[in-house]
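Below: the structure, in structure tokens.
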Number of protein chains: 2
Amino acid sequence: MIEVRDLVKVYSLGDTELRALDGVSLTVGDGEFVAVMGASGSGKSTFMNMLGCLDRPTSGEYLLDGVAVGGLSKDRLAELRNRTIGFVFQGFNLLARTSAIENVELPMLYNGMSAGQRREKAMATLAEVGLEGREHHFPNQLSGGQQQRVAIARALVNSPSLIFADEPTGNLDTKTGGEIMRIFCRLNEDKGITVVLVTHELDIAGYARRRIHFRDGRVVEDDRSGGG
Amino acid sequence: MIEVRDLVKVYSLGDTELRALDGVSLTVGDGEFVAVMGASGSGKSTFMNMLGCLDRPTSGEYLLDGVAVGGLSKDRLAELRNRTIGFVFQGFNLLARTSAIENVELPMLYNGMSAGQRREKAMATLAEVGLEGREHHFPNQLSGGQQQRVAIARALVNSPSLIFADEPTGNLDTKTGGEIMRIFCRLNEDKGITVVLVTHELDIAGYARRRIHFRDGRVVEDDRSGGG
Ligand SMILES: Nc1ncnc2c1ncn2[C@@H]1O[C@H](COP(=O)(O)OP(=O)(O)OP(=O)(O)O)[C@@H](O)[C@H]1O
Ligand SMILES: Nc1ncnc2c1ncn2[C@@H]1O[C@H](COP(=O)(O)OP(=O)(O)OP(=O)(O)O)[C@@H](O)[C@H]1O
Ligand SMILES: [Mg+2]
Ligand SMILES: [Mg+2]
């Protein structure tokens, strides 16, 4: 259960102030499947970084399962992120000097699994996103869409209860993008995982049951008429 | 005029061999507007890097305006790239410690323009892609789509005769993507600039008059029925 109230994010650049988020209030219930849309620069990634506990707002509140995230210590926040949230970055953010499989294993390093169990889980997740045979490639030995899928596999491997994905199909052809969306749908329907994803493609947004539209740092439309 | 014959690119990984390009032969005439499509990992970026003189094939020939590119010295190649080719990378490839406007000015550093002329041209090109007000931001102070537009502006600023763009609208909402495509169309129609762009979106491919489809490192379809 996600609740944000009056979320504001201000960046100062010299003598100007940029309100990347200008007062966002909304709730996302457990098990929802939400698409976030809006023009380039409208605040979507900034909002996702707040939800994913990767950044703190300038003001406003964020309650995750009733816990005020703003009041948590750095360690507690990192633990929350690692255990309950799977985050797919718009820019993938893979470690360049680490192979695909090692990138995917990263989130599992502190959850008590053995090296063998981590390797097995990572292999299975990479196969699920269609990357078997690419496990030992480094990011610069992978196509754009393959790097994106490594980032997706890394977000899924710890079986998170929340998936936040920022343009997860932006570098994927239609068929591969559809395969990824079916993974998200299956996790949402079978395991009740909450999915919030940013997209600018209407056919990707069509997989969601709710569409939130950003403009200039605010939510200007919240459309729940979608059929998932 | 672009002519490639039996272009092959092989990557060796340990004891396996990956044929990223497996014999590509085609011609692109001056002033054409071509869309390159195909599944993730099918060889599109590898092909674009060959065309953009950023990489050399394992075997095969590439003739650019009748000149065999493979036989050129490093210096001559760099000069060719800088003067005649505008390249938009799939991953943007902006310099992280350099502002947007300085990133855009880079290709102009060796063409004899004064600093004032470079600044003026860069400002105008940034405005054209909708980024006025963002000139002094650094890449990490820009949204994904804004970074992409800086990469596009940088490719256009030297008035190249060839534009190679790898997923130029992948991080742009539909409206902003349309604005970028109209820039490419105008350059193609008014100035006769040859445009080759990779996309996985059919409505973007619809701006082109020819669609080339890749699969497993080969061209499997070359469709000239498109109405630009
Ligand atoms: N340096 C490298 N070493 C090994 N394999 C590589 C290297 N670079 C690319 N490849 C492989 O070559 C194939 C083609 O890659 P390419 O980047 O051209 O694909 P693409 O069509 O652009 O894909 P996408 O749509 O995902 O961007 C991929 O399977 C990729 O894993
Ligand atoms: N560190 C920063 N400093 C200053 N401004 C920033 C910073 N990060 C983001 N911005 C600005 O905040 C605004 C919102 O950025 P954000 O990345 O959230 O947009 P977005 O909706 O994700 O866009 P896109 O669709 O292009 O990815 C943009 O105008 C951007 O220039
Ligand atoms: Mg973004
Ligand atoms: Mg590519």
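Lettering follows sequence order; numbering is per chain, from 1.
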Quick one: does any side-chain atom of [X] pair with a main-chain N or O of [Y] as donor and acceptor, under 3.5 Å?
X: A:Arg209; Y: A:Arg224; answer: no
X: A:Lys44; Y: A:Ala39; answer: yes
X: B:Asp55; Y: B:Thr46; answer: no
X: B:Gln147; Y: B:Gly91; answer: no
X: A:Arg149; Y: A:Val129; answer: yes

For this session: Please name the residue in the list B:Arg119, B:Lys121, B:Arg118 that meets the salt bridge (Lys or Arg N to Asp or Glu O under 4.0 Å) test with B:Glu105.
Result: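 Between B:Glu105 and the candidates, salt bridge (Lys or Arg N to Asp or Glu O under 4.0 Å) is satisfied uniquely by B:Arg119.
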Under 4.5 Å heavy-atom distance to chain B, tell me which part of [X] shows up: side chain, backbone, both or neither.
X: A:Gln146; value: both
X: A:Leu142; value: neither
X: A:His137; value: side chain
X: A:Gln141; value: side chain
X: A:Glu201; value: side chain

For this session: May I ask you to test the B:Asp166-B:Phe92 pair for a side-chain heavy-atom distance under 4.5 Å?
Result: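 Side-chain contact under 4.5 Å: no.
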Exercise. Is there any residue in residues 169-177 of chain B with a non-hydrogen atom under 4.5 Å from a non-hydrogen atom of chain A, and which ones are they?
Worked result: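 Within residues 169-177 of chain B, the residues under 4.5 Å from chain A are B:Thr169, B:Gly170, B:Asn171, B:Leu172, B:Asp173, B:Thr174, B:Thr176.
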Exercise. Hey, which of A:Ser40, A:Ser45, A:Gly38, A:Gly14 has the most heavy atom pairs under 4.5 Å with chain B?
Worked result: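 Highest number of pairs under 4.5 Å: A:Ser40.
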Exercise. So, B:Phe184 versus B:Tyr207, ring centres under 6.0 angstrom or not?
Worked result: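 Aromatic pair excluded; centres sit 6.0 Å or further apart.
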Exercise. With a 4.5 angstrom heavy-atom cut-off, which part of B:Ser143 approaches chain A: side chain, backbone, both or neither?
Worked result: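 Just the side chain, heavy atoms under 4.5 Å.
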Exercise. Do any pairs count as a side chain to side chain donor-acceptor pair (under 3.5 Å) and have a residue in residues 122-134 of chain A, sequence neighbours left out, and if so which ones?
Worked result: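 Applying side chain to side chain donor-acceptor pair (under 3.5 Å) to every pair that reaches into residues 122-134 of chain A, excluding sequence neighbours, yields A:Glu128-A:Arg186.
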